[in-house]
Amino acid sequence: MQRVSGGYTILEVTIFLAISVALLGSIVALLNGRQAQVEFDQKMHDTQSKMQSWLNDVSNGFPGGDPSQLKCALNGGGRPVVTVGSPNSSPDCVFLGKALQFSDTPGQNDTISAYSIFGRRLNSSNQLPTNLTDANPEPAVGPA
C-alpha cells in the first residue's frame, strides 16, 4: 500500500488558524491604539494653532473679528460696552487681550472660547490706567 502525502492534517490547519487569529487580533489592537494616539495628537495640534493665533492677536493689538465693525463706548458706570456697529472716531476703550474659557458642560468638554477684553482708555481722572481696576475690563459681545 502506498502512502499519499501532499495535504495538511486537521491539526496543522487548526494550529495555523489559531496563530493567524492571534496575529490578527494583536494587529487590530495595535492599530486601534495608534488611531487614538493620532487623533489625540491632531486635536492637540489644532488647539496649539488656535492658541497661537490668539496670542498673535494680542501681540498685534487685534481684538479678533472685523475691527471696523466693533464699537466701544463707556456706559454710565464707566465700564466699556463693546457692540457690533460703526466704530467711534476716538474710542473710549483699548484692547487689553483675550480671556480663554474652557467648557465643562457635558458633551462640550473639548470646547475652548476666546473673548476679546477691552478696558477704559483713560481712568476717571483722565489719566492712563495703571491697573486693571482702573481699566474696568469687559469682554466683547460673544466669543472672538
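Worth knowing before you read on, the calculation uses all heavy atoms, side chains too, and leaves out hydrogens, waters and symmetry mates.
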Undergrad: Give the minimum heavy-atom separation between M51 and L100, together with the two atoms involved.
TA: CE-CD1, 3.3 Å
Undergrad: Where do P129 and A135 come nearest, in terms of heavy atoms and distance?
TA: CB-N, 3.9 Å
Undergrad: Kindly give the cluster partners of L128, where membership spreads through any ILVMFWY side chain lying under 4.5 Å from a current member.
TA: L122
Undergrad: Listed by chain and number, what are the side chain to side chain contact (heavy atoms under 4.5 Å, CB included) partners of T9, not counting sequence neighbours?
TA: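 L11, E12.
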Undergrad: Can you sort out the partners of Q48 under side chain to side chain contact (heavy atoms under 4.5 Å, CB included), two or more places apart, ordered by chain and number?
TA: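 For Q48, no residue satisfies side chain to side chain contact (heavy atoms under 4.5 Å, CB included) once neighbours in sequence are set aside.
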Undergrad: Distance from R120 atom CZ to N126 atom CG, nearest 0.5 Å?
TA: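 Nearest 0.5 Å value for the CZ-CG distance: 8.5 Å.
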Undergrad: With sequence neighbours excluded, tell me which residues meet side chain to side chain contact (heavy atoms under 4.5 Å, CB included) with T130.
TA: D134
Undergrad: Which pairs count as side-chain hydrogen bond (donor to acceptor under 3.5 Å, both in side chains) when at least one residue sits in residues 27-39, sequence neighbours excluded?
TA: Q37-D41
Undergrad: Donor-acceptor pair, T47 side chain versus K43 backbone, under 3.5 Å?
TA: yes
Undergrad: Return the set of residues passing side-chain hydrogen bond (donor to acceptor under 3.5 Å, both in side chains) with Q52 (not counting sequence neighbours), or none when no residue passes.
TA: N56
Undergrad: Please list, one pair per line, the donor and acceptor atoms closer than 3.5 Å that link side chains of residues 13-31 to other protein atoms, with sequence neighbours excluded.
TA:
unit_1, atom_1, unit_2, atom_2, d
T14, OG1, I10, O, 2.8
S20, OG, F16, O, 2.9
S26, OG, A22, O, 3.4
S26, OG, L23, O, 2.9

Undergrad: Given a cutoff of under 4.5 Å between side-chain heavy atoms of I, L, V, M, F, W and Y, with clusters grown through shared members, what are the other residues clustered with L55?
TA: none
